[in-house]
Amino acid sequence: MPAARESLLDAAFTALGSRPWQRVRMAEVATAAGVSRQTLYNEFGSKEGLVRALVRREADAYLHGVERALSGVSGAAAPGERLAAAAVWTVRTAAENPLVRAALTGCWNERLPTTVRTAPPGALPAPGELLGEARDRAVRLLEGDWPPGAVELPLACEAVARLALSYVVAPAPAADVARMVRTVLA
């Protein structure tokens with residue numbers, strides 16, 4: 001059922017974009033995904049299960065994007081440029097995806113599902129855990145390229161992740177965060 005699962009998650013995300021989560025109906029999500037309501041319930045158990053899976057998927061996609069930004073700028077890009085790209089990715093993704101923004105900040109507004117706040121421990125990443133996972137991935141991907149004598153890599157990755165988060169909370173153009181990262185790491 002992987003295709004049905006993804007279709008259901010896509011349909012739920014689309015529905016959330018057009019109305020508050022409280023007004024999203026399971027039957028509408030199933031119809032939009034082209035499956036029965038029973039298939040939806042078999043896959044997720046409940047509306048809360050659906051939203052937890054949706055938030056988890058969006059958080060995982062965010063983390064994969066961080067990895068792509070850290071790996072892909074250009075094969076020979078300096079580690080600071082790669083960190084800047086990850087910071088820009090964070091700011092842009094949070095601006096475009098309300099679930100990522102809420103997962104990173106812990107701020108769930110009235111349009112978003114409030115049940116994620118009461119999810120069982122470990123079911124969803126807390127904001128600090130998500131930020132920590134982004135930092136840890138940055139450390140892993142940059143450790144072989146980090147210049148000797150530069151600030152400690154884990155500290156630099158933590159600082160850049162928190163700097164990006166500040167741009168999520170107090171929005172400014174994404175390009176500004178790249179300039180700020182370059183300045184801080186110089």
Side-chain angles (χ1 to χ4, degrees), residues 2 5-7 9-10 12-14 16-17 51-109 111-113 116 119 122-186:
R5 181 178 182 84
E6 283 305 307
S7 293
L9 292 171
D10 290 343
F13 187 80
T14 299
L16 181 60
V51 77
R52 280 196 301 271
L54 180 59
V55 171
R56 169 55 65 195
R57 180 185 78 165
E58 298 305 307
D60 288 345
Y62 159 71
L63 290 170
H64 290 311
V66 167
E67 287 180 346
R68 281 191 310 276
L70 290 163
S71 302
V73 174
S74 86
E81 286 301 313
R82 292 159 56 195
L83 277 172
V88 167
W89 165 258
T90 296
V91 173
R92 285 190 177 144
T93 302
E96 295 168 1
N97 187 325
L99 292 177
V100 170
R101 182 174 48 254
L104 282 168
T105 65
C107 298
W108 297 88
N109 67 34
R111 286 191 56 80
L112 298 175
V116 297
L124 296 172
E129 293 168 339
L130 188 56
L131 195 68
E133 182 61 30
R135 177 207 55 228
D136 293 347
R137 290 177 186 210
V139 169
R140 274 194 311 275
L141 289 167
L142 297 174
E143 63 189 346
D145 300 327
W146 198 247
V151 67
E152 252 182 77
L153 177 59
L155 182 61
C157 293
E158 177 86 16
V160 168
R162 291 187 178 280
L163 179 64
L165 184 58
S166 76
Y167 277 74
V168 170
V169 173
D176 287 358
V177 75
R179 184 177 49 78
M180 183 68 74
V181 168
R182 289 183 196 105
T183 302
V184 168
L185 294 177

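Remember, predicted model here, so these are calculated numbers, not experimental data.
- Using a 4.5 Å cut-off on side-chain heavy atoms (C-beta onward), Leu153 and Cys157 make contact.
- Across all their heavy atoms, Ala59 and Pro125 have their closest contact at CB-CG, 4.2 Å.
- Counting heavy atoms from C-beta outward, Tyr62 and Leu99 have side chains that stay 4.5 Å or more apart.
- Summarising the geometry of Glu81 relative to Ala77, their closest heavy-atom pair is CB-CB, 4.3 Å, with the distance given to 0.1 Å.
- For the pair Val151 and Ala156, the tightest heavy-atom approach, listed with the atom from each and the gap, is CG1-CB, 3.7 Å.
- Panel note: side chain Arg82, backbone Leu141; a donor-acceptor pair is recorded below 3.5 Å.
- In this structure, the separation between NE2 on His64 and CZ on Arg57 is 11.5 Å, given to the nearest 0.5 Å.
- Expressed to the nearest 0.5 Å, how far CE of Met180 lies from OH of Tyr167 amounts to 3.5 Å.
- Residues passing the side chain to side chain donor-acceptor pair (under 3.5 Å) test with Asp136: none are found, sequence neighbours excluded.
- Trp89 contributes no side-chain N or O that, together with a main-chain N or O of Leu63, makes up a donor-acceptor pair within less than 3.5 Å.
- What you find for Ala172 and Val91 is that their closest heavy atoms are O-CG1, 4.2 Å.
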Show the numbers, then the answer: is there a side-chain contact (heavy atoms from CB on, under 4.5 Å) between Arg137 and Glu133?
-> CA-CA 6 Å; Arg137 290 177 186 210; Glu133 182 61 30; 2.7 Å; yes
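- When side chains are defined from C-beta on, Val160 counts as touching Leu185, because their heavy atoms get closer than 4.5 Å.
- For the side-chain contact (heavy atoms from CB on, under 4.5 Å) test with Leu130, the passing option among Val100, Leu104, Leu165, Thr105 is Leu104; the others fail.
- A salt bridge does not link Glu96 to Arg101: none of the charged side-chain nitrogens sits closer than 4.0 Å to a carboxylate oxygen.
- Here the shortest heavy-atom pairing between Pro79 and Asp145 reads CG-O, 3.2 Å.
- You'll find the side chain of Leu131 stays beyond 4.5 Å of the side chain of Arg135, heavy atoms only.
- The distance from atom CZ of Arg162 to atom OG1 of Thr90, rounded to the nearest 0.5 Å, is 13.0 Å.
- Val139 approaches Pro154 most closely through the heavy-atom pair CG2-CA, 3.7 Å.
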